[in-house]
**Q** 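Once you've had a glance at the structure underneath, I'll fire off some questions.
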Amino acid sequence: EEFLVEISGTTVTITCPFTEGTIDWESTGTKPDSKNATYVIENHDSSPATVSCSGDGKKHTMYLHARVCANCEELDTWAVTGIITADILITLGVLILVYYFSKDRKGGASTGAGSRPRGQKAQRPPPVPNPDYEPIRKGQREVYAGLESRGF
């Protein structure tokens, strides 16, 4: 037999496993005046408490550590499932839209495999911006004739 604990806002309702006769409640040193099977704690402050109920010579004790808040909203399973499903569907929709809009866009300088012009067999390297670093070609050795190796 176990206690039944229900939490709603800052109200904690505890139901004792005993159902017959008068039930005496005790909560962390205080003696509540409730004599029925349920004990209601209004404006609970989330502090731990030891709650016990006794009846017909038997006693049940439990440690209550319930976090409560005044502005909390309770959601059932279907509401949470609906929120998660809607979020996944919206995310997939945005991904599909981005994919189709980026697929149709044709960029001017693409680095993809099929971006090379068809008529050209081999690509030439880009022009070198500084003429001091141009490669030596046949017939142009006179440009570099003044650059003789020096002995160190």
Side-chain angles (χ1 to χ4, degrees), residues 1-137 144 147 152:
E1 297 178 354
E2 295 180 347
F3 285 94
L4 175 66
V5 180
E6 297 174 4
I7 302 170
S8 177
T10 58
T11 304
V12 178
T13 305
I14 305 167
T15 305
C16 186
F18 304 128
T19 56
E20 300 171 358
T22 60
I23 297 171
D24 293 323
W25 288 93
E26 219 175 288
S27 173
T28 321
T30 62
K31 194 162 183 142
D33 55 356
S34 177
K35 297 290 183 189
N36 54 6
T38 60
Y39 170 48
V40 179
I41 304 173
E42 296 284 341
N43 298 324
H44 184 60
D45 59 354
S46 297
S47 61
T50 303
V51 179
S52 63
C53 66
S54 58
D56 295 334
K58 297 178 184 175
K59 185 175 183 179
H60 279 298
T61 305
M62 83 165 188
Y63 180 74
L64 177 69
H65 188 92
R67 290 191 186 257
V68 296
C69 62
N71 299 327
C72 294
E73 288 292 327
E74 296 180 22
L75 294 176
D76 60 342
T77 307
W78 289 108
V80 173
T81 304
I83 290 170
I84 292 172
T85 304
D87 183 31
I88 290 171
L89 290 175
I90 290 171
T91 304
L92 286 175
V94 169
L95 285 173
I96 291 170
L97 285 174
V98 167
Y99 173 75
Y100 280 114
F101 281 122
S102 66
K103 181 178 158 185
D104 293 339
R105 183 176 300 232
K106 294 181 178 160
S110 178
T111 58
S115 66
R116 190 176 53 156
R118 300 233 183 242
Q120 197 174 14
K121 296 279 184 185
Q123 290 181 334
R124 281 190 277 157
V128 180
N130 191 343
D132 292 339
Y133 297 109
E134 286 187 17
I136 300 174
R137 293 187 186 100
Y144 301 102
L147 302 174
F152 290 104

**Q** Let me confirm one number: the CD1-OG1 distance from Ile90 to Thr85, rounded to the nearest 0.5 Å.
**A**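 Here the rounded value is 11.0 Å.
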**Q** Can you tell me how far CG of Asp24 sits from OH of Tyr39, rounded to the nearest 0.5 angstrom?
**A**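 The CG atom of Asp24 is 13.0 Å from OH of Tyr39, to the nearest 0.5 Å.
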**Q** To the nearest 0.5 Å, what is the distance between OG (Ser54) and NE2 (His60)?
**A**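 Taking OG in Ser54 and NE2 in His60, the distance rounds to 10.5 Å.
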**Q** Nearest 0.5 Å, what's the OG1-CD1 distance between Thr91 and Ile96?
**A**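 Answer for the OG1-CD1 pair, Thr91 versus Ile96, is 11.0 Å.
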**Q** For the residue pair Phe3 and Trp25, categorise the inter-ring angle as parallel (less than 30°), tilted (30 to 60°) or perpendicular (more than 60°).
**A**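 Rings of Phe3 and Trp25: tilted, 30 to 60°.
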**Q** Between Thr10 and Cys69, what is the shortest heavy-atom contact and its length?
**A**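 Closest approach of Thr10 to Cys69, heavy atoms only: CG2-C, 3.9 Å.
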**Q** If you take all heavy atoms of Val68 and Gly9, which pair is closest and at what distance?
**A**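 In terms of heavy atoms, the two residues are closest at CB-O, 3.2 Å.
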**Q** Let me confirm one number: the SG-NZ distance from Cys53 to Lys58, rounded to the nearest 0.5 Å.
**A**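 These two atoms lie 11.5 Å from each other.
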**Q** To the nearest 0.5 Å, tell me how far Ile14 CD1 sits from Ile7 CD1.
**A**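 Atom-to-atom, Ile14:CD1 and Ile7:CD1 are 9.0 Å apart.
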**Q** Taking atom OH of Tyr63 as the centre, does the number of heavy atoms from other residues, nucleotides or ligands within less than 6.0 Å exceed 12?
**A**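 Count over threshold, so yes.
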**Q** Using a 3.5 Å distance criterion without hydrogens, assess whether the side chain of Thr28 forms a donor-acceptor pair with backbone atoms of Thr50.
**A**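 Indeed, once roles are kept as given, a pair shorter than 3.5 Å links the two residues.
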**Q** Which heavy atom in Lys59 sits nearest to a heavy atom in Ser52, and how many Å separate them?
**A**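 Heavy atoms only, the tightest pair is CE-OG, 3.5 Å.
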**Q** Quick check: closest heavy atoms across Glu42 and Thr11, and the distance to 0.1 Å?
**A**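 Looking at all heavy atoms of both residues, the closest pair is OE1-OG1, 3.4 Å.
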